[in-house]
There are 2 protein chains.
Amino acid sequence: MIIQLDLESDIPIYRQLVNQIIEGIATGLLNPGEQLPSVRSLAADLGINLHTVNKAYTHLKQEGFLQIHRQKGALIQPHSMPQADTPFKHKLMAEVRPLAAEAICRGMNEDAFIAACRAAYSSIHHNKGGTTP
Amino acid sequence: MIIQLDLESDIPIYRQLVNQIIEGIATGLLNPGEQLPSVRSLAADLGINLHTVNKAYTHLKQEGFLQIHRQKGALIQPHSMPQADTPFKHKLMAEVRPLAAEAICRGMNEDAFIAACRAAYSSIHHNKGGTTP
DNA sequence: TATATGTTATATATGTAGCATAACAGTAGG
DNA sequence: CCTACTGTTATGCTACATATATAACATATA
């Protein structure tokens with residue numbers, strides 16, 4: 001799993017990490033039960049601080065995407081990934097709404113907007129082969 | 001135009017303002033050429049600082065949604081709203097991708113995800129009557 | 001001229017991001 | 001038991017963003 005950070009971005013480093021790990025799970029590049037590097041080694045690889053990686057891991061653990069063992073380090077959640085429950089759907093709507101509003105102002109019709117959303121979904125999902133046992 | 005701020009939110013006040021004004025334009029609640037309150041009066045109404053409103057107005061002006069005149073105050077852009085150009089489409093994709101990734105992890109299939117995006121779009125657009133000449 | 005507007009400047013308080021360093025706690029393996 | 005590696009917690013620091021408070025400036029209108 002290769003992680004690309006943009007230190008110039010306005011998106012915090014720990015959030016870039018969170019996003020890319022979630023994306024890795026979504027694409028199947030990271031599989032349930034798979035081991036992640038320790039906070040120290042990943043931090044060293046990326047040239048950032050241990051606490052920044054730890055912050056990302058802690059977020060992912062609290063959302064249920066990771067399990068963390070003292071000695072073993074971090075694992076991708078092996079059983080029962082988080083579900084698309086009501087709070088998540090609310091969060092999803094709350095984040096999509098402002099984007100939709102701006103798209104409408106800029107004259108995108110519904111089909112064009114939906115096409116963009118579908119493209120974003122497909123660009124992640126098309127990699128996910130059915131190789132899980 | 002009624003503006004509702006959530007001072008407990010993790011979304012900055014000036015960004016809540018930006019979002020709600022864009023949403024107002026999208027719904028047709030705010031029409032091109034329409035006058036907005038002065039930074040001082042809106043700040044007083046909302047119980048926030050003048051600079052916070054000014055920051056929101058300045059953002060909207062730089063993106064092309066507002067015109068600002070010295071004495072007259074702020075106007076909704078009367079001619080030629082910003083277009084859905086390439087930079088905007090890139091920004092749109094960049095913001096939708098992480099949402100799509102998390103949705104995939106949580107087991108939402110493409111139809112369910114697209115349905116959510118469509119719902120967000122429709123909830124804003126259904127108010128906008130076809131009154132534009 | 002008086003007034004209301006946006007604009008700019010300065011200062012302050014608060015919170016977040018990120019880094020540096022250090023120490024603590026648990027677990028595996030020699 | 002001891003060592004080494006893990007996550008965890010704590011403290012201190014810099015930098016930046018948010019938001020406020022005051023004040024002054026520039027401009028256009030009545």
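Within every chain, numbering begins at 1; the chains are lettered A, B, ... in the order of the sequence lines, protein sequences first and strands thereafter.
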> Given axes from five pairs at either end, by how many degrees does the helix from C:dT1-D:dA30 to C:dG30-D:dC1 bend, rounded to 10°?
Replying inline: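 Comparing the axis at each end, I get an angle of 10°.
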> Are B:Tyr57 and B:Leu42 close enough, and set up right, to give a side-chain contact (heavy atoms from CB on, under 4.5 Å), and what steps lead you there?
Replying inline: CA-CA 11 Å; B:Tyr57 278 14; B:Leu42 182 53; 3.5 Å; yes
To the nearest 0.5 Å, how far apart are [atom1] in [X] and [atom2] in [Y]?
{"X": "B:Cys117", "Y": "A:Met93", "atom1": "SG", "atom2": "CE", "answer": "8.5 Å"}
{"X": "A:Lys89", "Y": "A:Lys91", "atom1": "NZ", "atom2": "NZ", "answer": "14.0 Å"}
{"X": "B:Arg97", "Y": "B:Glu102", "atom1": "CZ", "atom2": "CD", "answer": "14.5 Å"}
{"X": "A:Asn54", "Y": "A:Lys61", "atom1": "CG", "atom2": "NZ", "answer": "9.0 Å"}
{"X": "B:Met1", "Y": "B:Glu34", "atom1": "CE", "atom2": "CD", "answer": "9.5 Å"}
{"X": "A:Asp111", "Y": "A:Arg118", "atom1": "CG", "atom2": "CZ", "answer": "10.0 Å"}

[X] [atom1] - [N] [atom2] separation (whole Å):
{"X": "B:His59", "N": "D:dT18", "atom1": "NE2", "atom2": "C1'", "result": "11 Å"}
{"X": "A:Asn49", "N": "D:dA10", "atom1": "CG", "atom2": "C1'", "result": "14 Å"}
{"X": "B:Leu42", "N": "D:dT20", "atom1": "CG", "atom2": "P", "result": "12 Å"}

> Between B:Lys55 and D:dA19, is there a side-chain N or O to OP1/OP2 distance below 4.0 Å?
Replying inline: no
>> Between A:Thr52 and C:dC19, is there a contact of a side-chain N or O with OP1 or OP2 at under 4.0 Å?
In response: yes
>> Walk me through whether A:Tyr14 and A:Ile48 qualify under side-chain contact (heavy atoms from CB on, under 4.5 Å).
In response: CA-CA 10 Å; A:Tyr14 82 93; A:Ile48 61 178; over 6 Å; no
> Between B:Asn31 and B:Ile25, is a side-chain contact (heavy atoms from CB on, under 4.5 Å) present by the stated rule, with each step listed?
Replying inline: CA-CA 6 Å; B:Asn31 294 299; B:Ile25 300 174; over 6 Å; no
>> Using side-chain contact (heavy atoms from CB on, under 4.5 Å), reason through B:Leu17 and B:Leu46 one step at a time and then give a plain yes or no.
In response: CA-CA 10 Å; B:Leu17 261 175; B:Leu46 298 176; 4.1 Å; yes
Contact list (N/O, under 3.5 angstrom) for nucleotides 6-9 of chain C vs protein:
residue: C:dG6; atom: OP1; partner: B:Val39; partner atom: N; Å: 3.4
residue: C:dG6; atom: OP2; partner: B:Val39; partner atom: N; Å: 3.3
residue: C:dG6; atom: O4'; partner: B:Arg70; partner atom: O; Å: 3.3
residue: C:dG6; atom: N7; partner: B:Arg40; partner atom: NH1; Å: 2.9
residue: C:dG6; atom: O6; partner: B:Arg40; partner atom: NH2; Å: 3.2
residue: C:dG6; atom: N2; partner: B:Arg70; partner atom: NH1; Å: 3.2
residue: C:dG6; atom: N3; partner: B:Arg70; partner atom: NH1; Å: 3.4
residue: C:dT7; atom: OP1; partner: B:Lys61; partner atom: NZ; Å: 3.3
residue: C:dT7; atom: OP2; partner: B:Asn54; partner atom: OD1; Å: 3.4
residue: C:dT7; atom: O4; partner: B:Arg40; partner atom: NH2; Å: 3.4
residue: C:dT8; atom: O4; partner: B:His51; partner atom: NE2; Å: 3.1
residue: C:dA9; atom: N6; partner: B:His51; partner atom: NE2; Å: 2.6

> Taking the side chain as C-beta and beyond, is there a heavy-atom pair between A:Phe65 and A:Val18 under 4.5 Å?
Replying inline: no
>> For DNA chain D, which residues of residues 4-19 of chain A approach it to below 4.0 angstrom with any heavy atom?
In response: none
